[in-house]
Amino acid sequence: MSKTAIPSAFQIKELIHQNRYLIDGELKEWQGPVTEVYSTISSTKPYSKTLLGSIPDMGEPEALEALQAAMTSYNRGQGAWPTMHVKDRIHCMEVFVKKMATKRDEIVKLLMWEIGKSLPDSQKEFDRTIEYINDTIEDYKQLDRNSAKFQKHDGVYAHIKRGPLGVVLCLGPYNYPLNETFALLIPAIIMGNTTIFKPAKHGVLLITPLLEAFRSSFPKGVVNIVFGRGRAVAAPIMKTGNVDVLALIGNSKSANALQDQHPKSNRLRLVLGLEAKNPAIILPDADLDLTINECLAGTLSFNGQRCTALKVVYVHEEIQEAFNTGFSEKVDALTFGNPWEEGVKLTPLPEPGKPAYIQELIEDALAKGAKILNKKGGKHFDNYIWPAVLFPVTKDMRVYQEEQFGPVIPIVAFKDIEEPLNDMAESNYGQQVSLFGKDIYALAPLIDTLVNLVCRVNLNSSCQRGPDVYPFTGRKDSAQSTLSVHDALRSFSIRTFVAFKDNELNNETIEKLLETKLSNFVSTDYIL
Ligand code: G3H
């Protein structure tokens with residue numbers, strides 16, 4: 001087989017047999033069974049998937065060992081980490097982020113190979129994550145500064161702060177294996193929780209360059225990293241009832257299955273970012289060019305593999321023909337190629353079964369009366385299927401009902417705005433919507449309704465999570481808790497405080513506590 005031309009900087013020169021895992025501050029060597037990791041990108045002609053390396057296939061004993069390490073480190077609230085002064089925890093995080101920044105090239109390369117994300121988007125994922133960590137540090141300083149005080153009501157003083165929740169089990173998704181996972185893990189750690197982290201199925205080797213940074217930046221047991229299938233690793237941990245927070249970005253079925261395993265439901269807090277079926281609603285007076293461009297980005301950035309992707313497009317009958325024609329042309333003008341190729345917008349799908357699944361959705365829609373509007377729609381490659389623009393899509397079609405999480409675009413025509421509004425109200429999802437139009441008399445009542453059906457109304461803009469300072473959440477099966485730089489610190493902590501009646505004994509005691517700095521909690525130190 002001849003080799004395809006891959007720039008030297010992006011070639012896989014050595015396989016990564018990732019045989020270490022992090023438990024209790026020690027990088028242990030795995031001697032058990034392993035799972036091979038493949039990329040759907042070919043290094044040869046003819047096509048063949050590329051072996052990247054392997055990861056440990058761990059099971060219950062290692063999962064429980066990791067849980068024990070996290071529990072010991074938390075030590076029922078007495079551990080060094082949950083009781084540490086905020087400035088010292090921040091220092092550990094600063095050490096970590098510096099070490100992480102040195103791994104950019106390795107991680108970006110693995111993002112491309114493991115999940116097929118384009119070079120600019122992989123770089124963006126890495127840089128956005130570093131920025132997220134730095135912003136989290138700054139926000140936590142501010143949070144701590146705001147609580148460096150005492151308040152008094154009805155003769156009772158209070159020193160109110162936010163404290164950790166306990167042990168956090170953290171599971172991230174394959175589409176943002178670095179950014180979204182760290183958007184859970186980092187706030188969980190910095191707030192004083194101890195953690196067990198299992199990387200996603202795809203995008204797992206890219207954690208390898210960070211294992212040593214995790215080991216050396218935090219006290220032992222604060223971060224424990226295990227590998228394997230969710231069923232084998234996460235389920236036994238949940239069954240013990242010793243997890244305080246399930247932090248998961250993925251789908252609601254796995255989240256439900258895991259939370260059902262936990263025997264003490266009131267102990268378990270859920271921080272979940274789940275699936276969605278975000279609609280675009282295109283009103284008759286929408287700016288056509290802008291709408292087409294935003295819908296293109298919304299439906300097909302990273303091949304539609306984003307929870308925030310536009311997964312169904314509602315277009316008003318009056319503008320339907322012009323939109324459909326212009327949009328289909330632009331879809332076919334996109335460039336497909338390997339992630340490092342200049343200007344590529346469509347890239348190989350990391351899940352080997354995805355093209356066949358998308359094909360099933362297309363066939364089902366065609367059988368029920370839809371047509372493929374674009375010439376290339378549905379064309380197969382070894383690891384890809386060209387996005388099909390399907391029209392008219394109806395509610396009985398699978399592509400309307402299922403979260404496709406891939407390159408296929410269902411378009412629904414509507415006459416009366418009540419049609420998309422009713423569909424959204426009936427939907428199990430409620431993350432975001434994109435609303436396209438100009439007439440403020442039409443927009444105003446719509447905005448007022450849509451904000452009650454989803455959690456972000458994007459006006460003449462595609463749906464997206466960022467900027468990360470904005471709240472990211474959803475209704476129904478789309479999320480629990482809110483994430484953002486600021487909100488995540490709250491989601492992974494709880495308000496807890498010291499209160500005392502205003503009398504001589506208490507006032508003297510508190511003064512001495514502040515003077516001697518013996519308590520890390522009772523402290524009015526101002527972190528700059
Ligand atoms: O997969 C869902 C992500 O949160 C989407 O984030 O909108 O920044 O691509 P994004």
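Values below: every heavy atom of this structure, side chains too, minus hydrogens, waters and symmetry copies. Order of appearance sets the numbers: ligands from 1, and atoms from 1 within every ligand.
- The side chain to side chain donor-acceptor pair (under 3.5 Å) contacts involving residues 377-395 comprise Asn303-Tyr384, Asp332-Trp386, Gln359-His380, Thr394-Asp396, Lys395-Asp423, where partners must be two or more places apart or lie in separate chains.
- Looking at Arg128 and Asp468, a side-chain N of the basic residue comes within less than 4.0 Å of a carboxylate O on the acidic one, giving a salt bridge.
- Salt bridge status for Lys253 with Glu275: absent, with no side-chain N to carboxylate O gap under 4.0 Å.
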Residues 165-179 side chain polar contacts: donor-acceptor under 3.5 Å, at least two apart:
residue: Tyr174; atom: OH; partner: Gln305; partner atom: OE1; Å: 3.2
residue: Tyr174; atom: OH; partner: Glu351; partner atom: OE1; Å: 2.9
residue: Asn175; atom: ND2; partner: Gln305; partner atom: O; Å: 2.9
residue: Asn179; atom: ND2; partner: Thr129; partner atom: OG1; Å: 3.1

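- Residues passing the side chain to side chain donor-acceptor pair (under 3.5 Å) test with Asp144: none are found, sequence neighbours excluded.
- Here the two rings, on Phe336 and Phe381, have centers that are under 6.0 Å apart.
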Which protein N or O atoms sit under 3.5 Å from any N or O of ligand 1? Give atom names and distances.
residue: ligand 1; atom: 1 (O); partner: Asn175; partner atom: ND2; Å: 2.7
residue: ligand 1; atom: 1 (O); partner: Glu180; partner atom: OE1; Å: 3.4
residue: ligand 1; atom: 1 (O); partner: Cys307; partner atom: N; Å: 2.7
residue: ligand 1; atom: 4 (O); partner: Glu180; partner atom: OE1; Å: 3.4
residue: ligand 1; atom: 4 (O); partner: Glu180; partner atom: OE2; Å: 2.7
residue: ligand 1; atom: 7 (O); partner: Arg306; partner atom: NH2; Å: 3.0
residue: ligand 1; atom: 7 (O); partner: Thr308; partner atom: OG1; Å: 2.7
residue: ligand 1; atom: 7 (O); partner: Arg465; partner atom: N; Å: 2.6
residue: ligand 1; atom: 8 (O); partner: Arg128; partner atom: NH1; Å: 2.9
residue: ligand 1; atom: 8 (O); partner: Arg128; partner atom: NH2; Å: 3.1
residue: ligand 1; atom: 9 (O); partner: Tyr176; partner atom: OH; Å: 2.3
residue: ligand 1; atom: 9 (O); partner: Arg306; partner atom: NE; Å: 2.7
residue: ligand 1; atom: 9 (O); partner: Arg306; partner atom: NH2; Å: 3.3

